[in-house]
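In what follows, a structure is listed as structure tokens, so that the remarks can point back to it.
Atoms within each ligand, like the ligands themselves, are counted from 1 in listed order. Along the sequence shown, the residues carry numbers beginning at 1.
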Amino acid sequence: MANSCKFNACFLLLTLVASSIFTNPAFCDEATQALIDKICRQMEQYGFCNDTFNRNLKGSTADIAALTRIAIDQTLSASKDTHDFVVGLLDKTTDLAEKNALTVCENAYSVVTDCFNQASAAFGQKDYDSMLKVEHQAPRAQASCTTIFNTPPNPPNPVGQRNIHARILIAMSIVSGTMLSSPTLWSISLQD
Ligand SMILES: *[C@@H]1O[C@H](CO)[C@@H](O)[C@H](O)[C@H]1NC(C)=O
């Protein structure tokens with residue numbers, strides 16, 4: 001009797017595990033998605049934020065620290081990538097207005113990369129105050145690359161989509177990092 005109960009419980013568990021694997025291969029669990037939603041509902045593009053987290057999860061579950069790590073890493077790689085992209089364009093362009101604008105962007109993304117290198121190191125040391133402090137310098141630097149293309153003589157903007165994504169990634173890092181550093185502020189409201 002006891003044995004068959006054990007067998008049944010084990011079988012039930014295996015079935016549950018198997019069905020969750022086979023019905024939901026790439027997706028995260030409900031608690032993780034609730035956490036992702038909590039962050040991404042505050043973003044200008046929910047879908048980009050949700051995709052970024054889901055694509056970079058290691059496994060189906062993540063806590064706020066794991067999501068913060070993803071946000072920082074993705075910001076850093078997007079920022080480095082955009083910096084390289086801008087440097088490539090600078091080499092080619094001969095238009096003076098565009099050259100000036102791209103120089104502003106090159107500087108913007110070196111600052112963002114620098115901030116997030118420091119934020120990444122601070123995260124590693126669980127020094128969340130320093131992490132947020134350097135991250136808070138990034139939005140303004142990043143925005144300079146958006147504003148410069150809206151300034152006369154308005155050269156064509158080759159960095160538009162990258163700017164939007166960088167802006168969202170920085171915001172994701174700040175929001176998740178803020179939740180990580182002050183859990184009592186948001187954990188209560190997560191239950192409703
Ligand atoms: C968020 O992303 C997951 C995984 O791709 C997807 O299953 C879910 O539908 C998305 N949420 C919304 C509200 O679009």
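- Among Thr52, Asp51, Leu57, Asn50, the residue whose heavy atom sits closest to atom 6 (C) of ligand 1 is Asn50.
- Taking the disulfide bond (SG atoms under 2.5 Å apart) definition, one finds that Cys40 meets it with Cys49, sequence neighbours left out.
- In summary, the side chains of Asn50 and Asn54 do present a donor paired with an acceptor at a separation below 3.5 Å, with no hydrogens or angles considered.
- At least one N or O atom of Asn54 sits closer than 3.5 Å to an N or O atom of ligand 1.
- Looking at ligand 1, you'll find an N or O of Tyr46 within less than 3.5 Å of one of its N or O atoms.
- The aromatic rings of Phe123 and Tyr128 sit tilted relative to each other, their planes meeting at an angle between 30° and 60°.
- Scored by the ring-ring contact (aromatic ring centres under 6.0 Å, His included) test, His83 finds no partners at all (sequence neighbours excluded).
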